[in-house]
Amino acid sequence: MSTPIRASSILPGHREAIELHTADGLRLVGELARPLDREPVATLVCLHPLPTHGGMMDSHVFRKAAWRLPALADVAVLRFNTRGTTSLRGTSEGAFDNAVGERFDVAAAIEYAEFHELPDVWLLGWSFGTDLTLKYGSDPAVVGAILLSPPLRYSAPADLDQWAESGKPLTALVPEFDDYLRPDEARERFAAVPQAEVVGVPGAKHLWVGDAETVLDEVVRRVNPAATVPLPTTWDGPMETGDVSAYADRTVASFADRPVPGPPPGQAG
């Protein structure tokens, strides 16, 4: 009998706690979720929202991706806490570094995926994570990137130029009512990247509350075009239930009404 897939639903998959080791000597905590009984066809490396305002590897869209996509779309999901960030998985060493030292965090995640021979690596950045993606994600091991609510606060025009030159696919999912960058302005800003696709999402806001399913559908369309989309909303088989109440005081909603800081004075961005 089919059961509705809810926010707390954990579909079958192989999930393991992992550690990433950065070139500047830090240990970062994370998790890799893979299909249970088959190889993944693609991999998402998730770069979370601003940690000083509640962002972490368990931010709700990424948590749902890890709990659903291995089973529904044959996609592996690697998520981790950038330096100094805490979630239920633990705390990564180091301290928040305004998108400077985080370059080593991005590199460590890409290297992990490459070393473990994970296929078709895509970066999935959200808010602050989109700036990390644009600044440091155009790596030979990366197929392309998907940006959720890009504020373009820490990234510079040169970062967009780098993506343009790479030719790698770049998709920006931009909420109609985003707090920082809305669809029309996003199309103007991303015009510097000829292959960039800007998708305005009607009715959505920066935090994607109530719109996670739309995000996951759009992500899967790009990373695994062979998958059935929209993704199923019910599951016929074993299913676990996660304790989402554990995240109540550590949600990205904590920065819903606060300004997102940009780089310190004198820093490019």
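Keep in mind the model is a prediction, meaning the values are calculated, not measured.
- Atom CG in Leu123 sits 11.5 Å away from atom OG1 in Thr130 (nearest 0.5 Å).
- The CG atom of Leu47 sits 10.0 Å away from the CG atom of Leu147 when rounded to the nearest 0.5 Å.
- Residues Leu152 and Tyr180 have side chains not in contact (no heavy-atom distance under 4.5 Å, counting atoms from C-beta outward).
- Judged by distance alone, with hydrogens and angles left aside, the side-chain atoms of Asp120 form no donor-acceptor pair with the main-chain N or O of Ala42 at under 3.5 Å.
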Evaluate side-chain contact (heavy atoms from CB on, under 4.5 Å) for Arg153 paired with Leu181, printing each intermediate quantity in order. CA-CA 10 Å; Arg153 290 295 185 92; Leu181 185 70; over 6 Å; no
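- When ring centroids are compared, His60 and Trp67 stay outside the 6.0 Å threshold.
- Trp208 and Ser149 share a donor-acceptor pair across their side chains, judged by distance under 3.5 Å alone.
- Side-chain contact between Leu28 and Thr82 is absent, with no heavy atoms from C-beta onward closer than 4.5 Å.
- Taking every heavy atom of both residues into account, Asp131 and Pro151 meet most closely at OD2-CG, 3.8 Å.
- Minimum heavy-atom separation, Asp161 to Ala192: OD1-CB, 4.5 Å.
- Of all the heavy atoms in Ala172 and Pro150, the pair that sits closest is CB-CG, 4.2 Å.
- For the atom pair Glu176 CD and Asp211 CG, the distance stands at 10.5 Å (nearest 0.5 Å).
- Of the charged side-chain nitrogens involved, at least one lies within less than 4.0 Å of a carboxylate oxygen, so that Arg34 and Glu16 count as a salt-bridged pair.
- With values rounded to the nearest 0.5 angstrom, Phe177 atom CZ is found 8.0 Å from Lys205 atom NZ.
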Table please: side-chain donor-acceptor pairs of residues 99-113 below 3.5 Å, with sequence neighbours left out.
| from | atom 1 | to | atom 2 | distance (Å) |
| --- | --- | --- | --- | --- |
| Glu102 | OE1 | Ala99 | N | 3.0 |
| Glu102 | OE1 | Val100 | N | 3.2 |
| Glu102 | OE2 | Asp97 | N | 2.8 |
| Asp105 | OD1 | Arg83 | NE | 2.9 |
| Asp105 | OD1 | Arg83 | NH2 | 2.8 |
| Asp105 | OD2 | Arg83 | N | 3.0 |
| Asp105 | OD2 | Arg83 | NE | 3.2 |

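- For the pair Glu213 and Arg68, the minimum side-chain heavy-atom distance is below 4.5 Å.
- In this model, no donor atom of one side chain and acceptor atom of the other lie less than 3.5 Å apart for Gln162 and Ser138.
- In this structure a side-chain-to-backbone donor-acceptor pair under 3.5 Å is present from Arg89 to Ile18.
- The closest donor-acceptor contact from the side chain of Asp159 to the backbone of Ala156 lies under 3.5 Å.
- A heavy-atom distance below 4.5 Å is not found between the side chains of Thr3 and Ile5.
- Annotation for Thr133 and Trp163: closest pair O-NE1, 3.4 Å, computed over non-hydrogen atoms.
- Under the 4.5 Å side-chain heavy-atom criterion for grouping Ile, Leu, Val, Met, Phe, Trp and Tyr, Val220 is connected to Leu124 within one hydrophobic cluster.
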Which is it for Phe128 and His48 under the ring pair (Phe, Tyr, Trp, His ring centres under 6.0 Å) test, yes or no, and what are the steps along the way? CA-CA 7 Å; Phe128 174 69; His48 60 68; 7.3 Å; no
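- Between the side chain of Asn224 and the main chain of Ala73, a donor-acceptor pair closer than 3.5 Å is present.
- Val77 and Val29 end up in different hydrophobic clusters when Ile, Leu, Val, Met, Phe, Trp and Tyr side chains are linked at under 4.5 Å.
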Begin from the C-alpha positions of Leu118 and Leu32 and carry the test side-chain contact (heavy atoms from CB on, under 4.5 Å) through to its verdict. CA-CA 10 Å; Leu118 296 173; Leu32 176 62; 4.0 Å; yes
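- No side-chain heavy atom of Glu114 sits less than 4.5 Å from a side-chain heavy atom of Val121.
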Could you check Arg15 against Ile10 for side-chain contact (heavy atoms from CB on, under 4.5 Å), going step by step and ending with a plain yes or no? CA-CA 11 Å; Arg15 298 176 178 85; Ile10 304 177; 3.7 Å; yes
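- Side-chain contact between Gln195 and Ser166 is present, with at least one heavy-atom pair separated by less than 4.5 Å.
- Trp126 and Leu69 fall within the same hydrophobic cluster, where Ile, Leu, Val, Met, Phe, Trp and Tyr residues are linked whenever their side-chain heavy atoms come under 4.5 Å apart, directly or through other members.
- Here the NZ-CG distance, from Lys168 to Asp139, works out to 7.0 Å after rounding to the nearest 0.5 Å.
- A heavy-atom distance below 4.5 Å is found between the side chains of Val215 and Leu148.
- A salt bridge links Asp74 with Arg38: the distance from a Lys NZ or Arg NE/NH1/NH2 to an Asp or Glu carboxylate oxygen falls below 4.0 Å.
- A donor-acceptor contact closer than 3.5 angstrom links the side chains of His206 and Asp178.
- Within the 4.5 Å cutoff, no side-chain heavy atoms of Asn81 are placed close to those of Thr91.
- Heavy-atom neighbours of Glu19 CD from other residues, nucleotides or ligands within 6.0 Å: above the threshold of 12.
- The pair Glu185-Arg182 fails the salt-bridge criterion, with no side-chain N (NZ, NE, NH1 or NH2) lying under 4.0 Å from an Asp/Glu carboxylate O.
- Using a 4.0 Å cut-off between charged side-chain N and carboxylate O, Arg63 and Glu31 make no salt bridge.
- Under a cut-off of 6.0 angstrom, the local environment of CD in Glu240 is sparse, with at most 12 non-hydrogen atoms contributed by other residues, nucleotides or ligands.
- Residues Met57 and Tyr136 fall into different hydrophobic clusters, defined by Ile, Leu, Val, Met, Phe, Trp and Tyr side chains chained together at heavy-atom separations under 4.5 Å.
- For the residue pair Trp122 and Ala145, the shortest heavy atom distance occurs at CE3-N, 3.6 Å.
- In the hydrophobic cluster analysis, where Ile, Leu, Val, Met, Phe, Trp and Tyr join through side-chain heavy atoms closer than 4.5 angstrom, Leu216 is grouped together with Val199.
- Taking all atoms of both residues into account, the shortest heavy-atom contact from Ala71 to Pro12 is CB-O, 3.4 Å.
- For the atom pair CG (Asp243) and OG (Ser8), the distance works out to 9.0 Å, reported to the nearest 0.5 Å.
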